[in-house]
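One structure below.
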Amino acid sequence: MYADVIVDIRVEALDRTYQYRVPKELEPEISAGTPVRIPFGRGNRLMHGFVIGLTETPAFEVSRIKDILGVEKKHISVEGQLLQIAVFLREQYGCTMNEALKTVLPVRKKIKSVEEHWLNFAVTDQEAADILHEYERKHYKAKARLLNGMLAEGGVLTKRMADVKYGVKKPVIDSLVKDGIITVTRERKYRNPAEEMEQKNITAHTLNEEQQTIVTDFAREYGAGVRRNYLLYGITGSGKTEVYIHLLKTVIAAGRQAIVLIPEISLTFQTVSRFRAAFGERVAVMHSRLSEGERYDQYERAKNGEVDIMVGPRSALFTPFEKLGIIIMDEEHETSYISEGAPRYHSDEVAKYRAGLAGASVVFGSATPSVKSYLAAKDGRYKQYRLTKRTGDAGLPAIHTVDLREEMRAKNRSVFSRILQEKMEERLRKGEQSMLFINRRGYAGFVSCRNCGNVLQCPHCDVSMTAHKNHTGDVDTLLCHYCGHAARMPERCPSCGSPYIAAFGLGTQKVEEMLGRRFPTARILRMDADTTAGKHGHEHILSEFRAGHADILIGTQMIVKGHDFPNVTLVAALAADMSMFDNDFRSSERTFQLLMQASGRAGRGEKSGEVVIQTYQPEHYVIASVAAQDAELFYDNELAYRRMMEYPPYGEMIAVSVSAGTPEAGEAFLARLARRLQHSFGGQIKQIGPAPAAVKRVKDRFRLGLYVKAQTGQLMEQVRSEIEAWKSEEDDSNYMQYEVF
């Protein structure tokens with residue numbers, strides 16, 4: 001038997017399989033996906049790899065084929081479906097097979113399991129009591145304490161409790177075991193972070209008519225064997241999570257398992273709490289803030305069929321379920337579902353592919369569906385479910401649009417408009433809560449010299465450094481939010497020596513400082529990537545705010561995604577234009593979604609809510625549609641724009657990006673590709689570039705891009721095949737990847 005093995009190494013030139021002989025004694029242990037140890041190269045260097053396939057036919061002369069040295073016991077094997085998904089990722093997104101394998105394995109190494117040791121009586125309780133009296137007579141204090149404790153605890157005690165509560169160590173336990181008085185049994189104990197997320201006061205809600213209609217229809221289709229893609233399009237506060245719970249009950253009752261994707265780690269606590277209230281311990285959670293041991297145990301529980309539901313961000317998509325029945329993608333429009341590193345996969349596409357392999361349904365849920373999903377539902381490719389009413393008696397919030405140009409003319413130079421200040425004062429008087437968000441963390445956007453205009457930039461990236469304050473309130477640190485490079489705040493300008501150097505722009509830290517000056521009695525919490533760095537950072541801040549320990553929550557966009565705070569009656573977008581004019585054809589869509597999601601945080605309880613949107617362009621269709629709470633107005637305008645510009649979903653587009661040692665090398669590299677594509681496809685495609693990326697340099701590597709447009713998916717498939725063929729022929733040190741839109 002011969003095995004095709006992919007070598008566990010990132011070098012793109014080696015992104016192909018190498019054939020090895022399978023020794024007879026290893027044949028029972030080796031199958032597709034098995035991690036193995038192999039000799040590699042002329043020096044027979046010991047390497048790790050994964051078996052991709054098995055065959056009885058050698059690819060070349062048998063004498064040149066080396067033997068597999070052994071199975072790598074410490075590594076996780078790749079399940080059959082996950083291996084197929086890895087192949088899909090490689091073909092669809094132009095990554096190496098190793099990058100694809102690392103992606104489908106959220107846990108790559110086996111971690112030592114935790115065991116609970118239970119002490120049990122090997123004698124009757126009466127015999128134990130008699131032995132206890134004898135120990136007390138002989139002054140065997142430690143042994144007496146142990147028997148006393150076991151009798152008090154009903155004859156069963158953990159080894160840890162014996163140590164902590166009764167001060168009994170291992171030698172005493174071993175002695176009683178040897179004497180035949182007690183026995184010790186071992187039981188694996190899973191490290192389960194979901195246990196910490198349980199909230200006792202969560203109650204199930206009775207479904208309203210709209211919700212019940214959806215649940216009934218889905219159950220009918222699922223019972224009839226129908227598996228399709230659904231769009232659950234419900235306004236904010238319409239009870240989508242309650243619908244998810246009932247859909248999951250239908251699938252689990254059929255003996256199948258479920259993956260629930262959420263876009264932000266900050267939503268984990270709230271989501272898992274709701275699901276554990278409904279499904280108990282059969283819910284697991286997977287995300288990047290867990291320890292290696294916790295991640296491994298969640299992976300093992302899923303693999304062993306000990307959980308029914310896995311909740312987490314996009315990596316949860318690769319949970320090793322054998323009986324997957326449904327994938328729910330909550331807030332499906334979120335950009336965090338698109339991987340930023342290779343492979344640059346889109347979770348919705350991978351979810352549909354995995355569901356096809358498993359015979360599962362996919363439910364995309366959002367109050368602001370992506371333009372792609374909206375059109376798919378409109379065209380009938382997704383079945384659409386609508387929720388048009390908020391649960392209970394909650395109404396939609398009142399929207400106030402503030403023209404910041406008018407504020408400037410009125411000589412209000414504060415970041416807080418006059419109406420926003422009035423509304424916040426009103427909330428503080430009433431004991432209600434407010435949320436303010438802005439899309440930038442830190443103290444300010446950049447640091448500049450007022451004498452010569454020099455902006456302090458990261459020495460490794462083509463971006464300005466961001467100012468951060470220390471615990472004393474002084475700006476003392478400059479950070480690059482791309483590579484993490486840190487430097488001290490200089491006292492003088494490095495360019496001209498002027499002492500007039502200061503932070504400019506607007507960040508969450510600066511807003512917090514200004515808010516503290518304007519409302520000195522207000523209790524303020526800040527939530528951004530800096531304040532949530534710890535393992536439970538999100539949960540702590542959100543729990544404090546939910547419990548009413550703060551009046552105002554300031555944060556980046558993470559605070560307006562899916563959270564439910566009944567006492568929040570005011571939400572404000574301090575700079576609504578900040579994301580509307582990014583160099584991305586989806587920037588208007590993302591701004592609309594963000595503002596609509598933000599408005600949905602206000603007035604979710606019995607009290608009515610208000611939203612203040614501060615903007616320099618109140619007439620823009622994005623702002624106008626949010627102000628009118630008219631989603632159709634936005635989608636009509638955005639689809640018309642996309643159709644005119646031939647952007648997705650009215651056509652296919654692929655973005656090829658390259659990272660090179662010099663800008664010239666990167667440009668030449670992409671220019672060769674552009675010529676190849678032009679020769680092969682001529683006028684069937686449109687090309688834009690090569691051109692520098694928005695951030696030209698990161699970690700001393702220069703980034704450039706080439707965009708290719710095609711009218712049909714079939715043509716784009718041919719373009720991608722041509723790119724792959726060209727890539728394999730190129731002998732170049734540049735690192736290339738692509739993203740398909």
Side-chain angles (χ1 to χ4, degrees), residues 81 85 88-89 92 103-104 106 214-215 218 222 227-234 236 238-248 250-252 256-268 270-272 274-275 283-287 302 308-319 321 324-340 344-377 381-387 561-562 586 589-590 593 596-597 649 741:
Q81 273 191 17
I85 295 170
F88 170 78
L89 291 175
Q92 183 77 6
T103 299
V104 302
I214 292 169
V215 170
F218 177 85
Y222 203 86
R227 303 291 183 266
R228 64 165 79 186
N229 302 320
Y230 299 86
L231 174 63
L232 178 55
Y233 180 7
T236 54
S238 58
K240 290 185 288 296
T241 303
E242 202 63 40
V243 172
Y244 296 152
I245 288 171
H246 283 76
L247 301 186
L248 292 170
T250 297
V251 173
I252 292 169
R256 306 296 291 273
Q257 298 157 312
I259 293 171
V260 179
L261 300 181
I262 53 177
E264 291 275 351
I265 293 176
S266 62
L267 294 174
T268 306
Q270 177 176 294
T271 306
V272 173
R274 293 281 300 274
F275 287 171
V283 178
V285 60
M286 180 84 77
H287 60 73
D308 298 320
I309 302 169
M310 180 64 80
V311 181
R314 61 175 185 265
S315 61
L317 191 53
F318 309 108
T319 301
F321 279 146
L324 183 63
I326 189 171
I327 299 172
I328 294 176
M329 193 168 166
D330 190 30
E331 309 292 0
E332 63 86 27
H333 63 276
E334 285 289 347
T335 56
S336 57
Y337 284 128
I338 301 174
S339 170
E340 294 182 356
R344 292 181 63 85
Y345 68 90
H346 292 215
S347 297
D348 61 330
E349 298 297 333
V350 180
K352 288 186 285 188
Y353 180 78
R354 179 161 194 193
L357 294 177
S361 293
V362 183
V363 177
F364 299 107
S366 178
T368 54
S370 64
V371 170
K372 179 169 68 171
S373 295
Y374 178 86
L375 189 62
R381 286 173 285 132
Y382 293 175
K383 182 169 184 177
Q384 181 172 278
Y385 290 139
R386 287 299 303 265
L387 291 172
K561 296 179 180 179
R586 297 161 297 186
E589 175 185 358
R590 290 171 179 171
Q593 290 161 345
M596 286 292 278
Q597 290 287 331
F741 297 94

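Note that the coordinates shown come from a computational prediction; the quantities given were computed from them, not determined experimentally.
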*Give the minimum heavy-atom separation between Ile326 and Ala360, together with the two atoms involved.*
N-CB, 3.8 Å
*Minimum heavy-atom distance between Glu589 and Val371, given as atom pair plus value*: OE2-N, 2.9 Å
*With Tyr345 via ring-ring contact (aromatic ring centres under 6.0 Å, His included) - residues at least two apart*: Phe318
_Worked check of side chain to side chain contact (heavy atoms under 4.5 Å, CB included) between Arg586 and Thr335_ = CA-CA 10 Å; Arg586 297 161 297 186; Thr335 56; over 6 Å; no
*Hey, could you give me the CD1/OG1 distance between Ile245 and Thr250, rounded to the nearest 0.5 Å?*
12.5 Å
*Looking only at atom types and distance, does a side-chain atom of Glu332 sit under 3.5 Å from a main-chain N or O of Ser370, one as donor and one as acceptor?*
yes
*asked:* Could you tell me if the side chain of Val362 sits less than 4.5 Å from the side chain of Tyr230, heavy atoms only?
replied: no
*Show the numbers, then the answer: is there a side chain to side chain contact (heavy atoms under 4.5 Å, CB included) between Val283 and Asp308?*
CA-CA 6 Å; Val283 178; Asp308 298 320; over 6 Å; no
*Name all residues meeting the side chain to side chain donor-acceptor pair (under 3.5 Å) criterion together with Ser366; count only those two or more places apart in sequence or in a different chain, and write none if there are none.*
His333
*For residues Pro263 and Ser336, report the shortest heavy-atom separation together with the two atoms involved.*
O-OG, 2.9 Å
*Tyr337: what forms a side chain to side chain donor-acceptor pair (under 3.5 Å) with it, not counting sequence neighbours?*
none
_Which residues pass the side-chain contact (heavy atoms from CB on, under 4.5 Å) test with Ala302, not counting sequence neighbours?_
Val307, Met310, Thr319, Pro320, Phe321
_Val363 side chain near Met329 side chain, heavy-atom distance below 4.5 Å_ = no
*asked:* Set out, in order, the CA-CA distance, both residues' side-chain angles and the distance that settles side chain to side chain contact (heavy atoms under 4.5 Å, CB included) for Leu317 and Val104, then state yes or no.
replied: CA-CA 8 Å; Leu317 191 53; Val104 302; over 6 Å; no
*Measure the spacing between CZ of Arg386 and CD1 of Ile214 and express it to the nearest 0.5 Å.*
10.0 Å
*Is the closest side-chain heavy-atom distance between Lys383 and Leu231 below 4.5 Å?*
no
*Are Phe218 and Val251 side-chain neighbours, meaning at least one heavy-atom pair lies under 4.5 Å?*
yes
*Distance from Lys240 atom NZ to Leu387 atom CG, nearest 0.5 Å?*
7.0 Å
*Taking the side chain as C-beta and beyond, is there a heavy-atom pair between Gln593 and Glu331 under 4.5 Å?*
no
*Report yes if some heavy atom in the side chain of Phe364 is under 4.5 Å from a heavy atom in the side chain of Tyr382; otherwise report no.*
yes
*Output the distance between atom CD1 (Ile327) and atom CG (Asp348), rounded to the nearest 0.5 Å.*
11.0 Å
*For His346, enumerate each residue passing the side chain to side chain donor-acceptor pair (under 3.5 Å) test, keeping only those at least two apart in sequence or located in another chain.*
Glu739
_Side chains of Ile259 and Ile328, heavy atoms from C-beta outward: is any pair under 4.5 Å?_
no
_For Glu349, the option from Arg354, Lys372, Arg314 that meets salt bridge (charged side-chain N to carboxylate O under 4.0 Å, His left out)_ = Lys372
_Pairwise side-chain contact, Val311 with Leu261, heavy-atom cut-off 4.5 Å (strictly under)_ = no
*Report the distance from atom OG1 of Thr368 to atom CZ of Arg590, rounding to the nearest 0.5 Å.*
12.5 Å
*asked:* Just to verify, what does Arg227 make a side chain to side chain donor-acceptor pair (under 3.5 Å) with, not counting sequence neighbours?
replied: none
*Parallel, tilted or perpendicular: which fits the ring planes of Tyr233 and Tyr374, with parallel below 30° and perpendicular above 60°?*
perpendicular
_Derivation and outcome, side chain to side chain contact (heavy atoms under 4.5 Å, CB included), residues Phe88 and Val350_ = CA-CA 8 Å; Phe88 170 78; Val350 180; 4.2 Å; yes
*Nearest non-hydrogen partners of Arg256 and Gly325, listed with the distance*: CB-CA, 3.7 Å
